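Take a look at the structure below.
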2 protein chains.
Amino acid sequence: MDETTNPDAAAAGGDPDERAQAGADRPLRRDAERNRQRILEGAAAAFAELGLDVTTDEIARRAGVGIGTFYRRFPTKELLIEALFEDRVGKLVELAEECLRAEDPWAGLVSFLDQATARQVADRGLKELVFSTAHGRARIAADRDRIGPLFMALVTRAQDAGALRADIAGTDLGLVQLMLISVADFTREEAPQAWRRFLTILLDGLRTSRDAPSALPLPPLDPAQIARAMECHRPHGR
Amino acid sequence: MDETTNPDAAAAGGDPDERAQAGADRPLRRDAERNRQRILEGAAAAFAELGLDVTTDEIARRAGVGIGTFYRRFPTKELLIEALFEDRVGKLVELAEECLRAEDPWAGLVSFLDQATARQVADRGLKELVFSTAHGRARIAADRDRIGPLFMALVTRAQDAGALRADIAGTDLGLVQLMLISVADFTREEAPQAWRRFLTILLDGLRTSRDAPSALPLPPLDPAQIARAMECHRPHGR
DNA sequence: GGGAAGCGGAGGTCATTACTCCGGTTGAGT
DNA sequence: ACTCAACCGGAGTAATGACCTCCGCTTCCC
């Protein structure tokens with residue numbers, strides 16, 4: 001169980017088959033390895049679309065394998081989540097660091113908000129990992145903790161440049177993303193990009209000053225779209 | 001069953017007891033009427049706090065009555081929802097009409113956003129009724145449909161006055177509220193008023209122009225508060 | 001004081017979800 | 001080719017939770 005999910009574990013003990021260490025892959029039978037990949041792919045799609053609460057049956061169904069196979073590869077759903085999102089959250093941290101190095105501090109901040117939100121809109125599971133400590137107790141939690149200081153750095157850098165209003169704190173950045181993701185959750189079916197309208201509006205509110213409003217990147221929803229969004233909107237939950 | 005929930009029904013049929021029509025109240029035994037009130041009160045609190053998905057058991061528990069009693073008064077949870085929220089949604093419509101009559105169009109718009117959001121933040125059930133057609137098929141749905149045109153009127157009036165940027169549509173108003181409520185849901189335990197920060201920021205983004213940022217009505221959350229909010233945050237659902 | 005209306009809550013039913021078990025199958029080494 | 005351990009699939013289990021019914025006892029009203 002451990003060796004299928006944690007590549008480092010096998011190397012430690014007295015492994016009878018030394019070739020296992022030489023090759024990068026586990027000594028996993030071909031069909032088993034193929035199914036493992038299928039599960040990873042199916043789970044990634046399922047988590048992105050439905051969130052971390054998808055049933056194991058749904059994941060197995062999407063992967064095209066039996067439930068028994070699923071549980072042999074990942075004894076716990078939690079282990080699968082760790083395996084899948086270990087780097088995804090880390091990538092968000094990297095994005096923040098990268099945007100912190102942008103020449104224009106304001107542009108860096110905007111770029112971060114835009115891309116970080118886009119990723120979480122595209123991946124419900126990622127959003128849930130970022131905004132709740134319910135899952136991901138291991139490495140994911142560590143990455144999550146690295147985000148806070150980076151928020152603060154992005155904010156103060158943009159403030160020092162005189163672009164961002166002075167009364168904003170690092171913690172506001174996360175809440176801004178939360179707001180945008182909520183809009184995206186609501187309008188997903190009708191206008192998946194609608195959240196960008198509100199990012200633009202929010203940014204106009206976050207600037208120290210401006211004359212005219214920035215151009216909105218896409219048209220508003222019409223009432224019929226709102227009505228349809230309300231139809232298939234589960235207040236909270238799937 | 002009907003006569004306990006629908007006051008009009010009893011008057012129609014050949015009711016043997018004519019006094020039932022004379023008095024405003026149903027010929028309901030005193031303890032029964034008392035329990036009915038308790039259920040209404042308990043349910044109002046439960047819906048406000050936990051949303052429309054609260055279990056009937058929880059409602060009965062808060063009301064201090066048995067489940068049997070609950071079901072005798074309200075054969076269906078849906079009937080209870082109708083009875084409770086019939087006017088609440090209507091009150092939102094009235095609020096919009098009232099704000100439409102404000103001397104200053106911009107102030108009217110701001111006032112509406114502020115109060116409408118505050119009511120939905122204070123009452124999860126109300127928010128769910130407004131943003132989803134899952135519940136409330138009768139009179140509530142009718143009231144919900146009256147809101148759209150009023151949004152449009154509020155917007156165009158503020159735009160004609162030159163205060164609101166021209167590229168906003170009526171439908172944006174609902175989504176702005178949705179964003180603010182999402183923040184409130186997240187920060188509820190730590191800083192119940194935090195959403196007002198973002199209302200101010202959004203309004204600064206919605207103005208046609210401004211020089212300096214408006215003062216934010218309360219301080220930002222600190223990282224520890226965010227962390228605690230993440231702890232007790234159920235990604236979606238209770 | 002009598003009887004209808006009402007009370008409470010144990011428990012039935014049904015749906016959902018994480019997870020197990022085992023008879024049959026497949027792949028890898030000889 | 002042959003063998004057997006590893007693997008596969010999915011019916012089945014156990015736990016949970018939600019809605020709602022039923023019925024023996026209580027309370028009110030006349």
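What you see is a predicted model, and the numbers here were worked out from it, not measured in a lab. Per chain, numbering begins at 1; letters A, B, ... match sequence-line order.
- Formation of a donor-acceptor pair under 3.5 Å by the Arg124(A) side chain with backbone atoms of Gln120(A) is not found in this model.
- Using a cut-off of 4.0 Å between Lys/Arg side-chain N and Asp/Glu carboxylate O, Glu82(A) and Lys77(A) are scored as not salt-bridged.
- Rounded to a whole Å, the CD atom of Glu58(B) is 16 Å from the P atom of dC20(D).
- Taking every side-chain heavy atom of Thr55(B) into account, dC19(D) is the closest of dC19(D), dA18(C), dC7(C).
- In this pair, Phe112(B) and Phe151(B) present their aromatic rings perpendicular. The plane angle is above 60°, beyond the 30 to 60° band.
- Taking atom CZ of residue Arg72(A) and atom P of nucleotide dT26(C), one finds them 14 Å apart after rounding to whole Å.
- For Thr69(B), counting side-chain heavy atoms from C-beta on, the closest listed nucleotide (dC19(C), dG8(C), dC19(D)) is dG8(C).
- Of the possible polar contacts, one joining the Arg197(A) side chain to the Leu218(A) backbone as a donor-acceptor pair under 3.5 Å is found.
- One interatomic measurement links the two molecules: CD of Glu33(B) to P of dC7(C), which rounds to 10 Å at whole-angstrom precision.
- Comparing Asp57(A) and Thr76(B) along DNA chain D, the residue whose closest nucleotide (by nearest heavy atom) sits nearer the 5' end is Asp57(A).
- To the nearest angstrom, P of dC19(D) lies 12 Å from CD of Glu78(B).
- Per the geometry, CG belonging to Asn35(B) stands 11 Å off C1' belonging to dT27(D), to the nearest Å.
- Closest to the side chain of Ile67(A), from the set dT20(C), dG8(C), dC20(D), is dT20(C).
- Checked against dC8(D), dC19(C), dC19(D), the side chain of Thr56(A) finds its nearest nucleotide in dC19(C).
- Taking atom CG on Asp31(A) and atom P on dC7(D), their separation rounds to 8 Å, with Å as the unit.
- In this model, a donor atom of one side chain and an acceptor atom of the other lie less than 3.5 Å apart for Arg196(A) and Gln193(A).
- Atom-to-atom, CZ of Arg73(B) to P of dG6(C) comes out at 5 Å; the value is rounded to the nearest Å.
- In this structure, the nucleotide among dC8(D), dC7(D), dG8(C) sitting nearest to the side chain of Val65(B) is dG8(C).
- Judged by distance alone, with hydrogens and angles left aside, Arg29(A) brings a side-chain donor or acceptor within reach of the base of dT26(C), the pair sitting under 3.5 Å.
- Per the geometry, CZ belonging to Arg30(B) stands 14 Å off P belonging to dT27(D), to the nearest Å.
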